[in-house]
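Structure first, then comments.
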Amino acid sequence: MKVAFLGKGGSGKSTIAGTFARLLARTGQPVLALDSDPLPGMPYALGIEVDDSPIPDDVVVEGPDGGPRWVLAPGIDPADVIENYAAVCPDGVRYLQFGNTFGHISTIQRAQFAWSETVAGVDPKWHLVGDLPGGTRQAMFGWAKYAEHVLLVVEPTVKSLHSARRLLRLSEAEFAPKAFSVVANKVQDKADIDRISDRLERPVDAVVPLSPEILTGDRGGLAPLDADPNGAFVKAVGTLVNEVVAMYPVDTKGAK
Amino acid sequence: MKIAVVGKGGSGKTTTAAVLARTLARQGKDVVALDCDTNPNLGLSLGVGDLETERLLTLRDQLDDGEIDHAPSWDQILDTFGTNAPDGVRLGVITRIENPDPG
């Protein structure tokens, strides 16, 4: 499966995406977590340290006229990039981030191209779980076009719903994903679910409850799977994983 | 004075900016609130409502379609493309992305 999490900043994309990736990996499938946020939040949810090491510049060389500005250097293929530069996470998830902006502003462009060229050519054995920056900019510019299925994370607030309505316009894009699921996050009661389905004019596909244990874990830098491994948040994301797996049956010939 | 509010998504930038703008306006200052987010929501936090927040965004389409003219000056941009928010704040929206487009 190839999914990407979208939504307004602070809606909980990274927290859900990182947990989703680890629970999916526990089914025994190879999972590549993709983070195109220059201020990445996904490592916290995956349970690894945030580091400041972008994919090195010499992984790419200047591309041909009319093609991408940078392409993978001769002798380097997407599998090499994953092997060498995707961090190893708990449950066997590999995490590929395009280089954050804590330090390497001048070189981030090449790291971004290395990231997108790797994603474009990735072996289909990988299940892709992507996390985008908040808002509409990257999504509207096609940064989630690897995803066959978009998981739209929405909290029951006016601003989050407003952003979600704009993001649903991706269904009109030439690179539109096959399907969207609406993931209601920080839900306190039935009225929250109704608020979301009414405003988006579509049903809510998954409900993730507001969870004090996760908020506390966040303050201490603990991933949900470490802060509250059997709690309501993890259970809800597990249900979501099962539902998406059912939609995209695993091709066992392609799995290791 | 000129203030910019920055921070991580969901940290409360828009809410803080809106309260700052209206508080300053209540003190009698002339306040322009500028939404520079590509996913602009400041109108919601200022209290102009979601219909008016979206209407500001469609002005660009009218410009592109030739239905309205470009504004030649800063003041006229705010007159033509801004909207009045509570407490006398004038809201202008700088950027937004409407249509998905690879690149």
Side-chain angles (χ1 to χ4, degrees), chain A residues 5-15 37-41 44 68-69 100-101 116 120 131-147 150 153-155 157-177 185-186 199 215 218, chain B residues 4-22 33-62 64-65 81-83 85-86 89 91-103:
Chain A
F5 284 84
L6 302 182
K8 187 181 176 303
S11 59
K13 291 175 300 300
S14 302
T15 311
D37 191 337
L39 288 168
Y44 298 104
R69 173 89 176 77
N100 59 49
T101 49
S116 54
D131 183 31
L132 272 74
T136 50
R137 189 180 63 83
Q138 266 201 5
M140 293 303 198
F141 285 153
W143 279 78
K145 63 188 173 195
Y146 56 82
V150 161
V153 181
V154 194
E155 43 179 328
T157 63
V158 171
K159 277 185 283 186
S160 188
L161 284 162
H162 210 76
S163 302
R165 281 169 65 94
R166 290 176 182 153
L167 283 165
L168 284 170
R169 295 184 61 116
L170 276 179
S171 62
E172 301 161 17
E174 75 174 73
F175 50 83
N185 192 25
K186 307 183 196 178
R199 189 73 181 115
L215 298 181
D218 232 2
Chain B
V5 182
V6 300
K8 188 191 173 303
S11 60
K13 293 178 292 298
T14 304
T15 309
T16 302
V19 174
L20 269 175
R22 286 185 55 177
L34 288 178
D35 197 337
C36 306
D37 195 329
T38 52
N39 180 35
N41 292 319
L42 184 55
L44 299 175
S45 289
L46 282 168
V48 305
D50 53 357
L51 290 178
E52 182 65 5
T53 299
E54 281 305 298
R55 188 192 68 82
L56 285 179
L57 309 187
T58 60
L59 291 171
R60 175 61 191 253
D61 290 335
Q62 294 176 41
D64 290 345
D65 295 343
F81 302 118
T83 195
V89 173
L91 168 65
V93 177
I94 304 300
T95 319
R96 60 95 201 223
I97 299 169
E98 182 69 10
N99 294 309
D101 180 28

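Quick note on labels: first sequence line is chain A, next is B, and so on, each numbered from 1.
Ion pair A:R199/B:D50 flagged as a salt bridge, since at least one NZ, NE, NH1 or NH2 atom sits closer than 4.0 Å to an Asp/Glu carboxylate oxygen.
The closest side-chain heavy-atom distance from B:K8 to A:L39 is not below 4.5 Å. No side-chain heavy atom of A:M140 sits less than 4.5 Å from a side-chain heavy atom of B:T38.
No other option in A:G10, A:S160, A:S11 has as many heavy-atom pairs under 4.5 Å with chain B as A:G10.
Contact annotation for B:S45: only side-chain heavy atoms (C-beta onward) come within less than 4.5 Å of a heavy atom of chain A.
Atom CG of A:L161 sits about 10.5 Å away from atom CG of B:N41, to the nearest 0.5 Å. Here B:T14 contributes atom OG1 and A:K159 contributes atom NZ; the two are 5.0 Å apart, rounded to the nearest 0.5 Å.
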